[in-house]
Amino acid sequence: MTEVESAFALLAEPVQRQLYRMGWRELRQIQVDAIRAYLGSEEDALLITAETAAGKTEAAFLPVLSKAAAARPGSVRALYIGPLKALINDQMRRVEELCGYLELPVHRWHGDVAQSQKAALVAAPDGVVLITPESLESLLINRTRQLGTLFSRLQAVVIDELHAFLGSERGLHLASLLVRLRRYHEQPSRGFRMLGLSATIGDVEVARRFLMPDAPERVKVIKQGSSEGKVVQLRLHAYEVSKEQDATETDEEDEDDSEAFSMRRSAMGRLSADLVAHCDRKSALVFVNSKADLEMYADLCNEHCKQSGLPENFLVHHGSLAREHREDTEARMKGTPGLTTFCSSTLEMGIDIGNVSMVGQIGAPFSVASLKQRMGRSGRRDGEPRRLRMYVLVPKLEPNSSALERLPVELLRAVASVELMLSGWVEPPTPASTDLSTLVHQVISSIAECASLSALELYQRLCIEGPFRQIEKSLFSRVLRCLGAKDVVEQSPSGGLILGLEGERIRASKEFYAAFLGKVEVAVLYQGNKVGTLPIDILPQPGEFLMLAGKRWSVVEADFAHSAVQVVPARRRRRAKFAGSVADIHYRVHERMREILEEDSMPVYLASEAQRMLVEARKLAREAGLGQRRLVKVGEGSTLVLPWCGSKAQRTLATAFKMQGWTVIEHSVGLEVTAELSDVRSALRSLADRTLASEALAEHIQPKACRKFDELLDDELLDVGIAHDGLDYGSACEVARMLLIHPLYL
DNA sequence: GACCTGCTGCGGGGTG
């Protein structure tokens with residue numbers, strides 16, 4: 001018997017029959033490995049990592065369903081946890097199909113599922129449940145009495161798109177929920193088995209610790225062989241942005257308040273014209289870093305098609321669109337080949353939109369991990385390559401600006417990201433060690449679940465058994481005292497902790513269930529139909545223009561009482577404003593950018609204009625010593641610091657300099673400090689020998705409250721969190737030491 | 001200079 005045959009033989013008979021019916025002629029290697037690992041042992045957890053469309057879902061569910069088939073009803077047997085409702089809806093169909101010959105019901109449980117369906121599951125717990133972390137949270141506090149029957153014999157928990165949880169508030173939240181859920185198992189010490197699925201694991205050890213915190217070595221890693229990977233076709237195009245060209249090319253439709261935008265307008269036009277040619281009759285996804293730009297590119301491309309007599313084949317998909325519009329875009333992509341969708345991260349994960357033969361990325365990607373995910377959306381069919389085209393706008397080098405300002409940073413970052421992705425590297429997730437906001441969330445939720453808990457029990461559940469293990473007892477009691485002072489918790493006469501008035505109010509709100517902070521948004525309505533949403537704090541006024549859902553609008557009425565803005569179609573091409581912040585770049589990306597400046601070889605995937613710009617940038621860097629020198633004196637009383645150390649450590653350095661009373665200009669790579677070189681060196685020394693403490697730096701960070709429940713904590717507690725997770729103190733100290741011993745500092 | 005995610009329970013009134 002071959003390896004494949006013996007793995008197949010391990011599956012339950014109805015599962016085997018269903019595979020025959022579905023026309024499967026073989027199992028993929030990761031499926032064989034997963035079946036053997038899951039059905040061959042009773043305890044180990046599984047981490048299944050393979051490229052998109054390699055059959056990870058089936059690798060997990062074939063063995064999980066086979067085992068579940070033999071268990072008796074009366075309890076949910078397997079739980080699937082997904083990060084998106086849309087993904088759960090897609091996976092529901094796939095799991096139901098695999099269950100074709102099994103007598104196992106498959107249930108969805110998320111915010112869009114009818115109460116009646118939820119009630120049906122609670123009345124007869126059985127089968128497989130597909131759920132979001134937030135709905136699991138709601139089960140724990142709203143259905144406490146039923147948990148014992150629902151999950152008493154739960155066998156397996158499958159976490160899809162595991163990378164989306166690792167290192168985030170939502171991941172910490174989920175980790176806490178899973179520990180709390182285990183208490184309802186009839187054998188809590190054995191509990192259920194964990195399976196994690198992902199295409200983009202930056203650090204296997206972090207993933208292992210997430211799946212089995214007490215025994216990470218018992219997580220079996222099932223990895224797709226590298227030979228099974230796909231051929232990659234790459235091209236990177238660059239467009240120069242210059243003032244002179246735009247003065248002649250902007251027309252009345254393009255009036256915009258921002259000068260920065262009008263400068264970019266003609267380059268965006270050239271980029272769009274190329275894009276229309278590149279996407280010609282291909283199904284494509286084009287990722288854009290901002291929603292305002294995304295709408296602009298869709299409009300420019302459709303306009304281009306209209307003028308050339310081509311069909312207007314460009315659609316949009318992002319988080320500020322009405323759900324109906326997003327579902328319509330998904331359905332059209334699936335049903336009609338040859339369409340292109342401009343999207344944000346909404347389509348980064350596995351929502352089914354049919355086959356995509358090309359992926360575009362406008363602007364340098366936020367991270368290498370995100371670039372990898374995005375590229376994985378193309379070439380899903382066997383034998384088809386992955387095609388990726390990147391497009392970067394590069395400001396024209398102004399002769400009178402400084403050498404640092406003239407560096408084409410975004411082009412360098414795009415090249416560095418591609419190089420790192422091709423080398424197989426992606427950013428490792430960095431879980432927070434001291435996320436007190438999520439701790440507060442779980443304190444409130446745990447008390448709501450149990451009605452009353454002693455402080456010690458609470459500490460035991462969350463910080464000994466649960467995921468908040470780095471939080472010591474003294475810090476935990478400071479948090480509780482703070483919550484007590486704000487009426488969130490109070491001590492009952494019997495000594496247990498119960499929710500106070502404020503705590504009850506927070507817990508009763510429908511916003512409570514997520515651990516992350518949601519934006520306050522208002523609906524944009526046209527003739528009573530929802531087009532999308534805009535952030536409430538920068539809402540357009542009547543008479544102003546905006547683009548949304550691939551159309552141009554003007555605002556006729558802003559109705560705050562009903563949280564709505566009424567719009568009508570308009571001619572003007574004006575961008576809507578969405579709220580935003582700045583991304584953190586990993587130090588390895590900065591380091592690779594510097595190496596690219598220093599190297600001579602030309603990446604083969606650069607188009608000619610991009611090649612010319614890289615040659616120019618290398619010449620500039622060499623003349624100014626930007627790639628080699630770390631501390632550069634620039635005129636009297638001003639020093640350039642070039643650590644190439646990633647944004648978090650660079651921000652930590654900048655804070656240390658600001659504490660000296662100096663003015664610090666923070667560039668994306670490098671700092672300009674109003675201080676003499678010798679003074680900069682002595683400030684670096686106090687970091688290098690750690691006489692400047694992390695807590696002292698944290699005091700100077702503003703704003704302090706940025707996570708969801710930070711408002712319930714005092715500044716002192718927030719500083720503890722910032723010192724641990726908001727800054728990168730360890731790296732900054734290392735970088736300071738390196739800057740001091742670097743031979744080429746002048 | 002950014003992107004994304006998620007979400008009760010219950011009471012009252014109407015209909016078949």
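Being a predicted model, the structure only gives us computed values, none of them experimental. Numbered from 1 within each chain, the chains take letters A, B, ... in sequence-line order.
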From [options], pick the nucleotide closest to the side chain of [X]?
X: Ala514(A); options: dG1(B), dG6(B), dT8(B); result: dG6(B)
X: Lys118(A); options: dT8(B), dG6(B), dT5(B); result: dT8(B)
X: Gln115(A); options: dG9(B), dC3(B), dG6(B); result: dG9(B)
X: Ser345(A); options: dG6(B), dC4(B), dT8(B); result: dC4(B)
X: Asn142(A); options: dT5(B), dA2(B), dT8(B); result: dT8(B)
X: Lys291(A); options: dG1(B), dC4(B), dG6(B); result: dC4(B)
X: Ser668(A); options: dG6(B), dA2(B), dG1(B); result: dG1(B)
X: His318(A); options: dC4(B), dG1(B), dG6(B); result: dC4(B)
X: Asn289(A); options: dG1(B), dC3(B), dG9(B); result: dG1(B)

Residue from His325(A), Glu295(A), Lys291(A) passing side-chain hydrogen bond (donor to acceptor under 3.5 Å, both in side chains) with His318(A):
Glu295(A)
With side-chain hydrogen bond (donor to acceptor under 3.5 Å, both in side chains) as the test, pick out the partner of Glu348(A) among Gln373(A), Arg377(A), Arg374(A).
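The side-chain hydrogen bond (donor to acceptor under 3.5 Å, both in side chains) with Glu348(A) is passed solely by Arg374(A) among Gln373(A), Arg377(A), Arg374(A).
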Short side-chain N/O contact to dC4(B) OP1/OP2 from Thr346(A), under 4.0 Å
no
Mind checking if [X] touches a base, just sugar-phosphate, or nothing, with heavy atoms under 4.0 Å?
X: Ser135(A); answer: sugar-phosphate
X: Arg326(A); answer: sugar-phosphate
X: Arg374(A); answer: nothing

Earlier contact from the 5' end, DNA chain B, for Val288(A) and Leu84(A)
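Final value for this comparison: Val288(A).
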Whichever of Lys85(A) and Ser290(A) has its nearest DNA chain B nucleotide further upstream toward 5':
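Looking at DNA chain B, the more 5' nearest nucleotide goes with Ser290(A).
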Using the six-membered ring wherever Trp is involved, compare the ring planes of Tyr391(A) and His237(A) and label them parallel, tilted or perpendicular (cut-offs 30° and 60°).
parallel
Plane angle bin for His441(A) and Phe709(A) - parallel if under 30°, tilted between 30 and 60°, otherwise perpendicular
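Rings of Phe709(A) and His441(A): parallel, under 30°.
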Face-to-face stacking of Phe366(A) with dC3(B), centres under 5.5 angstrom, angle under 30°:
no
Rounded to the Å, how far apart are [X] [atom1] and [N] [atom2]?
X: Glu348(A); N: dA2(B); atom1: CD; atom2: P; result: 17 Å
X: Lys577(A); N: dA2(B); atom1: NZ; atom2: C1'; result: 17 Å
X: Gln361(A); N: dC3(B); atom1: CD; atom2: P; result: 13 Å
X: Leu87(A); N: dG6(B); atom1: CG; atom2: P; result: 10 Å
X: Glu521(A); N: dA2(B); atom1: CD; atom2: P; result: 15 Å

Is the shortest side-chain N to carboxylate O distance from Glu591(A) to Arg588(A) below 4.0 Å?
yes
Donor on one side chain, acceptor on other, Lys372(A) and Thr200(A), under 3.5 Å
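Checked: Lys372(A)/Thr200(A) side chains show no N/O donor-acceptor pair below 3.5 Å.
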